[in-house]
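Written below as structure tokens is the structure these notes are about.
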Amino acid sequence: MEWILQPWPWYIGGPLIAVIMFVLLYAGKNFGMSSNLRTMCTMCGAGKSSEFFNFDWKSQQWNLMVVLGAVLGGLVGSRFLSNNQIPDISEGTRAILQEHGFESAGTAYVPTELFGPEAFTSPFTLIILLIGGLLVGFGARYAGGCTSGHAISGISNLQVPSVIATVGFFIGGLTMVHLLFPLIF
Amino acid sequence: MKHLFFLFIGLIFGIVMYKSEAASWFRIYEMFQFQSFHMYGLMGSALVMGIPIVQYIKRKNIKDYNQNPIVIPDKDKGVTRYLAGGILFGLGWALAGACPGPMFVLTGAGYLPILVVILGAVFGTWIYGMIRHKLPH
């Protein structure tokens, strides 16, 4: 059982993601997380402002349960199935991040500079997090899916649009990390 | 019972995202620096299994547990929306270090500032819904 408390290698995690996708298909559903964001808009009454949100959100209850489960999974994974898990990122990445002021690189699961409790009192950090979220939410719906819907489900279904979207994910990510990070951090 | 089933699937998904470190901002950053195989291995091995699974389901017309045919809708044809939306998504993915699944996983793991990211993501979705008629698709 000791291995379960260790970080899981990619060759365990990746196949498990495929199994989750299969179980959802077998249950008559599709694997896609970002559509929950649309459902949440509808639940907040966004159907009054755009017919895009005018649908019966109760038909998506199953996916909201997946979201709730994912929250619990984060709790169980971090509290009960880990001994303070710290991603063993490469030396090179650690060095670049420390140059950018991310002192917590190599000592935390996520950067304490962005996700520590001080984040709530730093307008800079709050704006970074908010803009990051805005781009993810807007981009996912514009592209019609996110990492789960396009990169995993869509490419598994050999969909050309999903390959295009995934290429887009990487163009955006590379632009952010290599061109914009030096300006932001 | 149905709700409990999907809650359980989500629980497993959340544990996998956390333990495989797909929910780590550092791993996303490292991926875009091409300095580790980890994230590529994670997505690559998911596809190495996922592609044959989906192709098998389609060729053999496998039924779901209710005996209904498993339908995986094709994505609409096009380039603009996938490329433009994908790029915007990628910019946010690298900045916030979390895509829509891991956001919720990190909430459970207790990194509460991620709630600001979730708020932004819901708001971003709403903005898309409001202006999508003006966007090229």
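In what follows, chains carry the letters A, B, and so on, assigned in the order in which the sequence lines appear, proteins first and then strands, with residues in each chain numbered from 1.
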field: Close side-chain approach of Phe26(B) to Ser104(A), heavy-atom, < 4.5 Å
entry: yes

Donor-acceptor check, side chain of Gln33(B) to backbone of His178(A), threshold 3.5 angstrom: yes or no? no

On a heavy-atom basis, the closest approach of Ile51(B) and Ile155(A) is CG1-O, 3.8 Å

Listed by number, the residues in residues 55-62 of chain A that come under 4.5 Å of chain B (heavy atom to heavy atom) are Gln61(A), Trp62(A)

If one checks every heavy atom of Ile131(B) against chain A at 4.5 Å, the contacting part turns out to be side chain

ask   = Above 12 or not: heavy atoms from other molecules or residues under 6.0 Å from CZ of Phe5(B)?
value = yes

Check against side chain to side chain donor-acceptor pair (under 3.5 Å), Thr93(A) and Gln35(B)
CA-CA 7 Å; Thr93(A) 302; Gln35(B) 281 178 326; 2.6 Å; yes

The interface call for Phe170(A) against chain B, heavy-atom contacts under 4.5 Å, is both

Please confirm whether the backbone N or O of Gln6(A) pairs with a side-chain atom of Lys19(B), one donor and one acceptor, at under 3.5 Å?
yes

CD (Gln85(A)) and OG (Ser20(B)) are apart, to the nearest 0.5 Å, by 8.5 Å

Honestly, the part of Arg38(A) sitting under 4.5 Å from a heavy atom of chain B is both

Whatever's closer than 4.5 Å to a heavy atom in chain A on Ser36(B) counts as neither

If one checks every heavy atom of Ile70(B) against chain A at 4.5 Å, the contacting part turns out to be side chain

When every non-hydrogen atom of His38(B) is compared with those of Pro9(A), the smallest separation belongs to CE1-C, 4.4 Å

Cut-off 4.5 Å, heavy atoms of chain A, and the answer for Ile53(B) is side chain

Of all heavy-atom pairs linking Ile17(A) and Met17(B), the shortest is CD1-CE, 3.6 Å

- Message: Within a 6.0 Å radius of atom OH on Tyr40(B), are there more than 12 heavy atoms belonging to other residues, nucleotides or ligands?
- Response: yes

- prompt: Any side-chain heavy-atom pair from Ile89(A) and Tyr29(B) closer than 4.5 angstrom?
  reply: no

Could you go step by step and tell me if Thr166(A) and Tyr82(B) meet the side chain to side chain contact (heavy atoms under 4.5 Å, CB included) rule?
-> CA-CA 8 Å; Thr166(A) 305; Tyr82(B) 299 111; over 6 Å; no

For Ala109(B) and Ser78(A), the nearest pair of non-hydrogen atoms, with its separation, is CA-OG, 3.5 Å

Whatever's closer than 4.5 Å to a heavy atom in chain A on Ile28(B) counts as neither

When the 4.5 angstrom heavy-atom criterion is applied to Pro73(B) and chain A, the contacting part is both

Beyond-backbone contact of Leu37(A) with Pro100(B), side-chain heavy atoms, under 4.5 angstrom
yes

Determine, stepwise, if the pair Ile12(B) / Ile20(A) fulfils side chain to side chain contact (heavy atoms under 4.5 Å, CB included).
CA-CA 8 Å; Ile12(B) 301 297; Ile20(A) 290 164; 4.2 Å; yes

Applying a strict 4.5 Å limit to non-hydrogen atoms, the region of Arg81(B) in contact with chain A is both

Bottom line for Phe8(B): the part with an atom under 4.5 Å from chain A's heavy atoms is neither

**Prompt:** If we only count heavy atoms from C-beta on, is the Ile9(B) to Phe31(A) side-chain gap below 4.5 Å?
**Reply:** no

If one checks every heavy atom of Ile12(A) against chain B at 4.5 Å, the contacting part turns out to be neither

Under 6.0 Å between ring centres, would you say that holds for Phe123(B) and Phe138(A)? no

Notebook entry, point to check: Leu97(A) versus Trp25(B): any side-chain heavy-atom pair under 4.5 Å?
Noted result: yes

### Query
Hey, does Leu95(B) have a side-chain heavy atom less than 4.5 Å from the side chain of Val136(A)?
no

Shortest non-hydrogen pair, Ser90(A) vs Glu30(B), comes out as N-OE2, 2.7 Å

**Message:** Side chains of Asn157(A) and Lys58(B): any donor to acceptor distance under 3.5 Å?
**Reply:** yes

* Asked: What is the ring orientation for Phe37(B) with Trp10(A), classed by angle as parallel under 30°, tilted 30 to 60°, or perpendicular over 60°?
  -> perpendicular

When the 4.5 angstrom heavy-atom criterion is applied to Val71(B) and chain A, the contacting part is backbone

Shortest non-hydrogen pair, Met40(A) vs Val122(B), comes out as SD-CG2, 4.1 Å

query = Are any non-hydrogen side-chain atoms of Met21(A) and Met49(B) less than 4.5 angstrom apart?
reply = no

Answer key: most heavy-atom pairs under 4.5 Å with chain A among Ile114(B), Asn66(B), Thr107(B) is Ile114(B)

Exactly one candidate in Phe80(A), Trp8(A), Tyr109(A) meets ring-ring contact (aromatic ring centres under 6.0 Å, His included) with Tyr18(B); the answer is Tyr109(A)

- Query: Are any of the side-chain heavy atoms of Trp93(B) and Thr147(A) separated by less than 4.5 Å?
  - Reply: yes

Query raised in the report: Should the pair Phe169(A) and Phe89(B) be assigned to parallel (<30°), tilted (30 to 60°) or perpendicular (>60°) ring geometry?
Result: tilted

Turns out that what part of Ala23(B) lies under 4.5 Å from chain A's heavy atoms comes down to both

Given the options Asp74(B), Asp76(B), Ile72(B), Gln159(A) meets side-chain contact (heavy atoms from CB on, under 4.5 Å) only with Asp74(B)

Classify the angle between the aromatic ring planes of Tyr26(A) and Tyr65(B) as parallel (below 30°), tilted (30 to 60°) or perpendicular (above 60°). tilted

